[in-house]
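What follows is a single structure, written as structure tokens, with notes after it.
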Amino acid sequence: MSQISLTFPDGNSRDYPAGITAAAVAESIAPSLAKRAISASLDGRHIDLQWPIDASGAISINTMKDDAPALELIRHDFAHVMARAVQELWPDVKVTIGPVRDFGWFYDFDRAEPFTPEDLGRVEAAMKQIIALREPVRTEVWDRDRAVAYYKDRGEPFKVELIDRIPEGEPLRMYWHGDWQDLCRGPHLQNVGQLPADAFKLTHIAGAYWLGDSTRPMLQRIYGVAFRNRDELKAHLTMLEEAAKRDHRKLGREMELFHMQEEAPGQIFWHPNGWNIYTTLQDYMRRKQRADGYVEVNTPQVVSRKLWEASGHWDNYQENMFIVEVDEEHAKTKTVNALKPMNCPCHVQVFNHGLKSYRDLPLRMAEFGSCNRYEPSGALHGIMRVRGFTQDDAHIFCTEDQIESETKKFIEFLAGIYADLGFTEWRIKLSTRPEKRIGSDESWDRVEAALGNACKAAGYEYELFPGEGAFYGPKLEFVLRDAIGRDWQCGTLQVDPNLPERLDAEYVGPDGAKHRPIMLHRAVLGSFERFIGILIENSSGKLPFWLAPRQVVVASIVSDADGYVHEVVDSLRAAGIRAEADTRNEKINYKVREHSVAKVPAILAIGMKEVEDRTVSLRRLDQQGSRLLPLAEAVATLKDEATPPDLR
RNA sequence: GCCGGUUUAGCUCAGCAGGUAGAGCAGCUGAUUUGUAAUCAGAAGGUCGCGGGUUCGAUUCCUGCAACCGGCACCA
């Protein structure tokens with residue numbers, strides 16, 4: 001038998017007969033290690049202790065102390081144990097697939113009856129019983145015919161289809177958790193008893209299409225979360241509760257920012273407080289864009305079908321458009337229009353008005369463009385995914401040579417805005433040419449390189465997403481990370497030579513001939529609605545002072561102070577601060593509590609002492625105690641804080 | 001759009017094996033003039049999501065629809 005050489009993490013290596021298992025390797029190092037071993041990593045690949053090793057490489061033995069492999073195994077074995085429990089409880093259930101995901105796993109089942117929340121408790125109990133049996137996990141490689149025959153025999157059509165989808169030549173591996181068998185890539189733990197029976201929870205039931213395809217049957221998915229121990233599970237559940245507390249829909253109601261109602265699904269009724277955030281953010285964006293060389297335009301909401309036919313949207317996206325028809329009873333002739341789902345075709349109309357010269361390029365045309373899209377009902381989510389929204393949209397008309405410098409300029413622009421809005425952690429995704437595309441390979445080469453070079457020139461790395469670009473051009477996407485680690489794709493820059501062609505945009509070049517410009521579609525926030533939702537959740541509603549809808553409440557302690565309270569409010573308002581008086585006949589404790597719950601960042605309490613000394617007592621949100629300072633000083637300090645970051 | 005769930009006062013929720021409903025908070029009225037996260041009292045507040053059916057009688061049972069929630073699919 002041939003020998004292989006395995007290198008350990010400490011740099012030493014040892015020879016073993018080919019075909020040795022990682023379990024035997026661990027045993028050869030130390031019996032105690034073999035006892036604690038759960039899996040191994042071979043040249044970075046996570047492998048099962050039972051698998052034979054046929055070639056030399058770098059090996060390390062994993063124990064429960066190794067976070068990533070331990071959690072992967074635990075979650076994956078839980079998926080199998082759950083599927084076993086479900087089939088023990090309901091033998092007619094068909095199994096499909098059950099992968100590991102963030103914090104846990106899911107498994108999709110086919111069953112005529114829907115699972116109920118009560119069923120989850122039964123499944124959890126059955127899983128604990130299975131774990132208590134401490135049965136061994138074993139594995140074998142089967143040939144295709146045997147595997148297909150086995151699953152046909154057992155009446156598991158989904159598994160048969162899965163096998164058909166696995167490429168010829170790839171080994172089909174079977175795993176047994178006790179007597180329960182599943183087709184699985186592995187690796188797994190060695191014994192079901194290694195699972196922490198007190199560190200998992202089945203969280204919810206949901207529908208999910210087989211193979212993620214909406215034309216295939218809908219299965220029932222059960223989600224679970226699992227950790228190495230009870231404390232980690234508890235910490236996770238606490239984190240979920242914290243996340244629920246910052247839900248923008250809840251805070252939107254509590255802070256009286258907006259509401260939505262049945263008569264206008266997917267559209268927002270902004271209340272004074274919420275609209276304050278919106279306009280403050282929009283004013284800021286408008287100043288930033290002006291300073292960066294954009295011109296602002298505004299274009300129609302209701303646009304004839306003819307333009308959408310010319311742009312190509314009528315053919316491809318009609319299902320998602322609000323169609324507005326005017327019939328013969330109202331007008332002499334019938335017209336068919338659509339609410340604009342995007343601004344680009346309208347911007348080309350502005351560009352096309354009058355003859356443009358190469359000297360006009362790059363032309364950066366911005367619009368806070370209100371758009372309406374008939375989003376599928378199931379996609380709507382608070383103010384994050386709506387049917388009526390306003391983009392911070394702009395189109396840069398330029399030559400191909402200008403793409404790189406315009407992209408670099410845009411990345412710097414966007415970086416400054418994200419920093420101002422409190423997002424320091426974000427990344428860039430570069431999506432390149434898809435299979436089905438227009439344009440020559442040479443032009444794709446040039447444009448993709450321009451985007452990549454622009455990122456580097458601006459000082460940012462990017463991740464490559466091959467094949468993910470649009471059919472007409474590559475794009476950059478800017479993904480920011482919020483305070484609790486969630487990612488949000490907000491900014492985008494899309495290179496588009498197609499729409500100028502379709503809508504016949506042109507400019508006169510230095511050679512006196514007409515040329516097509518390139519369009520760069522770009523946005524920083526995406527939409528104001530969604531971005532405000534992100535801002536609310538990122539800050540738990542405690543927005544930075546300059547964005548807070550109610551910045552200061554001046555609260556009287558005794559009614560004899562009311563006159564001075566109004567004087568203080570007037571001084572603050574004169575300095576441009578959003579201040580309100582609270583002279584209700586209530587205790588100061590009551591007022592402090594109420595305005596703290598409402599997340600007002602500063603409360604000024606006014607009693608007779610302040611009246612006599614012409615001072616204010618300043619209390620900051622989430623801080624104990626207060627600070628006494630002269631009125632003029634308080635106004636100056638707060639005015640400073642209320643100044644938007646671009647005006648400081 | 002698909003699967004499952006939910007819909008009762010402004011908000012959070014209880015209740016009803018079929019006889020038209022309750023609490024806390026908010027709001028209103030009165031008393032209290034109060035020093036940094038809830039002062040006390042009183043009165044009031046609901047076509048039980050919308051439509052149809054069964055029934056002597058429906059908030060409760062059946063059925064259709066809508067919106068919302070959790071996912072899936074979608075996001076030009």
Side-chain angles (χ1 to χ4, degrees), chain A residues 106 108-111 113-117 119 203-223 244 247 249-250 253-254 256 259-266 308 311-321 341-345 371 373-382 384-387 389 470-472 475 489 492 494 496 498-499 521 526-527 530 553 555-562 583-598 600 603-610 617-628:
Chain A
F106 63 77
D108 288 347
F109 301 99
D110 183 42
R111 179 187 180 221
E113 290 279 296
F115 289 116
T116 65
D119 289 340
T203 54
H204 53 281
I205 308 158
Y209 294 110
W210 168 234
L211 300 173
D213 182 342
S214 60
T215 64
R216 307 296 305 269
M218 173 129 316
L219 306 170
Q220 295 189 65
R221 176 171 295 180
I222 301 180
Y223 287 91
D247 188 308
R249 292 165 298 188
K250 178 174 142 68
R253 195 169 48 238
E254 288 171 0
E256 296 178 71
H259 86 270
M260 303 175 89
Q261 65 188 49
E262 204 172 317
E263 289 77 4
W308 307 115
S311 70
H313 294 104
W314 191 263
D315 282 344
N316 293 315
Y317 306 109
Q318 198 184 140
E319 279 176 14
N320 291 309
M321 289 163 73
M342 49 185 21
N343 307 298
C344 10
C371 296
R373 297 179 186 174
Y374 191 76
E375 300 285 5
S377 56
L380 303 179
H381 180 86
M384 298 283 208
R385 186 82 184 270
V386 287
R387 287 183 177 156
F389 57 94
F471 70 90
Y472 48 77
K475 65 178 172 184
Q489 195 243 299
T492 179
Q494 167 89 53
D496 183 4
N498 179 54
L499 199 61
H521 309 254
S527 86
R530 179 163 173 273
V553 168
S556 59
I557 296 171
V558 292
S559 52
D560 284 346
D562 288 0
T583 54
R584 290 174 304 170
N585 177 9
E586 294 290 351
K587 290 193 164 186
I588 190 65
N589 300 45
Y590 179 89
K591 297 182 183 180
V592 165
R593 176 181 150 77
E594 190 177 277
H595 300 123
S596 298
V597 168
V600 176
I603 299 172
L604 299 184
I606 308 289
M608 289 320 287
K609 199 164 62 180
E610 287 78 11
S617 166
L618 170 61
R619 182 195 167 98
R620 313 303 303 242
L621 183 58
D622 284 341
Q623 281 179 24
Q624 291 295 317
S626 58
R627 201 155 67 97
L628 197 67

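Heavy-atom basis, side chains included; hydrogens, waters and symmetry copies ignored. Keep in mind it's a predicted model, so treat the numbers as computed, not measured. Below, chain A is the first sequence line, B the second, and so on; all start at residue 1.
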Review point. Once each nucleotide of nucleotides 36-48 of chain B is scored for protein heavy atoms under 4.0 Å, what B/S/- sequence comes out, 5' to 3'?
Key: BBBB---------

Check your understanding: Between B:C62 and B:G18, how far is it from one P atom to the other, in whole Å?
Key -> 11 Å

Review point. For atom C1', what is the distance between B:G57 and B:C61, given to the nearest Å?
Key: 13 Å

Point to revise | Gap in Å between the two C1' atoms, one belonging to B:C74 and one to B:U59, rounded | key: 37 Å

Check your understanding: Taking the same atom, P, in B:C50 and in B:A58, what whole-Å distance lies between them?
Key -> 15 Å

Check your understanding: Would a 4.5 Å heavy-atom cut-off, applied to side chains only, mark A:Arg530 and A:Val386 as touching?
Key -> no

Check your understanding: Pairing of RNA chain B as dot-bracket, 5' to 3': ( ) intra-strand, [ ] crossing, | other strand, . unpaired, with Watson-Crick or G-U pairs under 3.5 Å?
Key -> (((((((..((((.....[..))))..((((.......))))......(((((..]....))))))))))))....

Practice item. Considering only atom C1', compute the distance from B:G45 to B:G53 and round it to an integer number of Å. Key: 32 Å

Point to revise | Whole-angstrom distance between B:A66 and B:G51, as gauged at atom P | key: 15 Å

Practice item. Take A:Arg249 and A:Met384 through the test side chain to side chain contact (heavy atoms under 4.5 Å, CB included) and record every step on the way to the result. Key: CA-CA 9 Å; A:Arg249 292 165 298 188; A:Met384 298 283 208; over 6 Å; no

Check your understanding: Does atom CD of A:Glu256 have more than 12 heavy-atom neighbours from other groups under 6.0 Å away?
Key -> no

Review point. Has the side chain of A:Arg373 got a donor or acceptor atom that lies under 3.5 Å from a matching backbone atom of A:Pro341?
Key: yes

**Study point:** Reading 5' to 3' through nucleotides 5-15 of chain B, protein heavy-atom contacts under 4.0 Å coded B for base, S for sugar-phosphate only, - for none
**Key:** ------SS---

Review point. Of the non-hydrogen atoms in A:Gly266 and A:Met260, which two are nearest, and what is the gap between them?
Key: C-CE, 3.9 Å

Review point. Within a strict 4.5 Å, meaning less than it, do heavy atoms of the A:Val592 and A:Asn589 side chains meet?
Key: no

Exercise for review: Sticking with atom C1', work out how far B:G46 lies from B:G52, rounded to a whole angstrom.
Suggested key: 23 Å

Exercise for review: State, yes or no, whether a side-chain contact exists between A:Lys591 and A:Ile603 at a heavy-atom distance under 4.5 Å.
Suggested key: no

Exercise for review: Kindly say whether A:Tyr223 contributes a backbone atom to a donor-acceptor pair with the side chain of A:Thr203 at under 3.5 angstrom?
Suggested key: yes

Check your understanding: Which part of the nucleic acid, if any, lies within reach of A:Lys591 when heavy atoms closer than 4.0 Å are counted: base, sugar-phosphate only, or nothing?
Key -> nothing

Check your understanding: Using atom C1' of each nucleotide, how far apart are B:C16 and B:C65 to the nearest Å?
Key -> 25 Å

Study note, to complete from the structure: For A:Ile222 and A:Phe109, the nearest pair of non-hydrogen atoms, with its separation, is CD1-CE1, 4.0 Å

Check your understanding: Okay, side chain of A:Gln220, backbone of A:Glu113: is any donor-acceptor separation there less than 3.5 Å?
Key -> yes

Review point. Counting only heavy atoms not in A:Gln261, do more than 12 sit closer than 6.0 Å to its CD atom?
Key: yes

Review point. Just by protein heavy atoms under 4.0 Å, how would nucleotides 65-76 of chain B read 5' to 3' in B, S and -?
Key: -SSSSBBBBBBB

Exercise for review: Please list, chain by chain and in numerical order, all residues satisfying ring pair (Phe, Tyr, Trp, His ring centres under 6.0 Å) with A:His259, sequence neighbours excluded.
Suggested key: A:Phe269, A:His271

Exercise for review: Identify, with sequence neighbours excluded, every residue that meets ring pair (Phe, Tyr, Trp, His ring centres under 6.0 Å) alongside A:His595.
Suggested key: none

Review point. Between B:C3 atom C1' and A:Phe106 atom CZ, what is the distance in whole Å?
Key: 15 Å

Practice item. Give me the ring orientation class for A:His521 and A:Tyr472: parallel if the planes are under 30° apart, tilted from 30 to 60°, perpendicular past 60°. Key: tilted

